[in-house]
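Before any comments, here is the structure.
Within every chain, numbering begins at 1; the chains are lettered A, B, ... in the order of the sequence lines, protein sequences first and strands thereafter.
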Amino acid sequence: MAITESKQQQAGDLLARISLRNQPALKALYALAGGQLYAVALRIVRKPQLAEEVVQDVFVNVWNRAQDYAAVRSQPMTWLISLTRNRAIDVYRAQDDAVSLSTHLDDEDGEMWDPEDSNAKTPLQQMIGKAESAQLQICLRALEAQQRQTLALAYFHGMSHAELAAHLAQPLGTIKTWARRGMERLAACMQSAGHAPVCA
Amino acid sequence: MNYNKPELLHILAGEYVLGTLQGKARTRFERIMRQIPAAQSAVEQWQARLIPLAHALPERAPPRDLWRTIEARTAPKSTQSAPQVLGISRWRQWFSISNLGLVGAGAAFAFAMLTALPMLQRMNAPEVASMGGLPQSYVAVLSGADAKAAFVVSAPRHGKSLSVKVLTAGAIPVEQEMRLWALPAGGPAQLLGTIPNFGNGEIQMTGTAEEVLAKIPNLGVSFAVAGAPAGELPVQFAFRGPCVKLW
């Protein structure tokens, strides 16, 4: 779901009020962003109970650290989503069965994406297709299929290099190369397109 | 590892945001981010590049009880959050014992604090980070005869610059300027400076806020003929208000 300027503005205003210990503002922020943050968390930890734990921790963290937001140069929703992803990755990592979880993803997520084939996209491809930045879509399409799939699996599922290697049945070194080269090409593509490097 | 190499920070930041940086390496990089601004900046760049992917996820309704749990964990119980509400509590206490007795003072204060916050947040990062709450600052909210908050003045505890924000000062008489004064208890007013351009701006102090304002209970604003001698004490202050430590 695209983040509108209005939503960013609302989130920023609410963070300012939360930094003054205004709990109704925290509730309003939950109403505004809770659904999106829960979706981000659930995508990574894949268990509702864990996703609930992640979102709970994020909002408690926001309550205690809202004033820190001023020190970063991200948009409010970018900051919130980043907090959520980081917490979700930590929670996911703390699970003993993290590897087995990641190797039982939806089958569709394991399919290679043919950028020339616009039909019958997998859920993962659809999400990439819905990325609100047209430039990001263009740059992702410019990657090799393996690189693109590696980046998407890591980003959406919080997989480590070892888990990606197990999931894609490739040597660890190959996975690291795909990920690194994919990121380098993505960054170069975004930069050459004049994408503002700092502010989301 | 030499974390001063931009290309290394770029790679590590990318892996951190992507999620492939794991375990001790991830924890170590989080520490580096707090120590090296370039690392934090590199992470923000990667977040900006990749965040549209997360935006594309369809929202999911969280479980019904989730908010209640969050609410319980963030309830402003004195034992749970005392250190972080200390600054605000002191304000409340000050207003309750002060002689203001002005209707709406609380609301005016809340509004003024909202306005002051961005100024406070411009202070250097370590001082903010060490607090876990609002930054250590001196803050004054000045009101006129109508009891409406008219100015917010603030300075980081160890900063030499006073930030002045005009809220509702009204019309400025022609060929006059506004001057900001420290009002010591039982002593003559001390000129802090002229409010720049009749509006928001900065006033440089002769020392740090701690040195200049620690024993000053009130600040005042007067009107003066533009260019009048700095040592000329005002007959009256059009605006005045308490100056307090925010920690």
Side-chain angles (χ1 to χ4, degrees), chain A residues 1-3 16-17 19-21 23 26-27 30 34-36 38-40 42-43 48 52 55-56 59-60 63-64 67-68 70-74 77-78 81-82 85 89 93 127-128 130-133 136 151 154-156 158-161 164 179-180 183 186-187 190 195-200, chain B residues 10-11 14-23 26-27 30 40-63 65-67 69-71 73-76 81 84-85 87-88 110 113-114 117-118 120-122 125 128-129 131-135:
Chain A
M1 181 182 177
I3 307 289
R17 287 167 55 195
S19 69
L20 296 174
R21 316 299 288 175
Q23 204 185 34
L26 187 71
K27 186 174 187 179
Y30 178 81
Q36 186 159 24
Y38 182 71
V40 168
L42 188 61
R43 190 74 198 178
E52 194 174 342
V55 174
Q56 194 185 121
F59 276 90
V60 171
W63 176 247
N64 291 323
Q67 72 276 10
D68 290 359
V72 300
R73 286 165 290 181
S74 304
M77 288 304 299
T78 301
I81 289 172
S82 298
R85 288 196 74 248
I89 288 170
R93 292 284 136 231
M127 276 190 289
I128 291 173
K130 286 178 186 169
E132 67 182 33
S133 160
L136 179 62
L151 299 193
Y155 190 81
F156 285 119
M159 284 188 183
S160 65
H161 286 131
L164 287 164
R180 186 156 297 184
M183 291 289 273
L186 187 66
M190 298 285 282
H195 178 263
V198 175
C199 299
Chain B
H10 173 75
I11 290 169
E15 292 193 0
Y16 176 79
V17 173
L18 186 63
T20 48
L21 197 65
Q22 300 290 346
R26 189 174 185 85
T27 308
E30 285 173 340
Q40 176 68 38
S41 176
V43 165
E44 287 167 3
Q45 288 179 25
W46 275 111
Q47 286 172 342
R49 288 184 188 116
L50 296 179
I51 212 71
L53 285 172
H55 292 176
L57 282 172
E59 289 191 18
R60 296 284 296 263
D65 292 340
L66 182 52
W67 168 249
T69 314
I70 294 168
E71 190 176 33
R73 286 182 64 184
T74 56
S81 52
Q84 293 181 355
V85 298
I88 300 297
M113 286 304 294
L114 275 174
L117 192 65
L120 300 178
Q121 289 168 333
R122 283 205 301 270
V128 175
M131 283 292 294
L134 291 173

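Considering CG of B:L18 and NE2 of A:H161, their distance stands at 7.0 Å, rounded to 0.5 Å. Summarising the geometry, atom OG1 belonging to B:T74 is positioned 4.0 Å from atom CD belonging to A:Q23; distances are rounded to the nearest 0.5 Å. If you take CH2 on A:W63 and CD on B:E71, they are separated by 10.5 Å, rounding to the nearest 0.5 Å.
Contact between A:A39 and B:L57 at its shortest, heavy atoms only, is O-CD1, 4.0 Å. When every heavy atom of B:G19 is checked against every heavy atom of A:I89, the shortest pair comes out as CA-CD1, 3.7 Å. Contact detail for B:V17 and A:R85: the closest heavy-atom pair is O-NH1, 2.6 Å. In terms of heavy-atom proximity, B:E15 sits nearest to A:M183 at N-CE, 4.4 Å. Of all heavy-atom pairs spanning B:L53 and A:Y155, the tightest one is CB-CE2, 3.7 Å.
No hydrogens or angles considered: a donor-acceptor pair under 3.5 Å links the side chains of B:Q47 and A:S82.
The side chain to side chain contact (heavy atoms under 4.5 Å, CB included) test applied to B:H10 returns A:A187, B:W46, B:R49, not counting sequence neighbours. Taking B:R60 as the reference, nothing meets the salt bridge (Lys or Arg N to Asp or Glu O under 4.0 Å) condition, with sequence neighbours excluded.
Heavy atoms of A:L42 lying under 4.5 Å from chain B belong exclusively to its side chain. Of the atoms belonging to B:I11, it is side-chain heavy atoms, and not backbone ones, that fall under 4.5 Å from chain A.
Judged by distance alone, with hydrogens and angles left aside, the side-chain atoms of A:E52 form no donor-acceptor pair with the main-chain N or O of B:P62 at under 3.5 Å.
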Please report the C-alpha distance between B:L66 and A:F59 in whole Å, then the side-chain angles of each, then the deciding distance to 0.1 Å, and finally whether the side-chain contact (heavy atoms from CB on, under 4.5 Å) criterion is met. CA-CA 10 Å; B:L66 182 52; A:F59 276 90; over 6 Å; no
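Ranked by heavy-atom pairs under 4.5 Å with chain B, the first of A:A179, A:P48, A:S160 is A:S160. For chain B, the option among A:L26, A:V40, A:L151, A:V55 with the highest count of heavy-atom pairs below 4.5 Å is A:L26.
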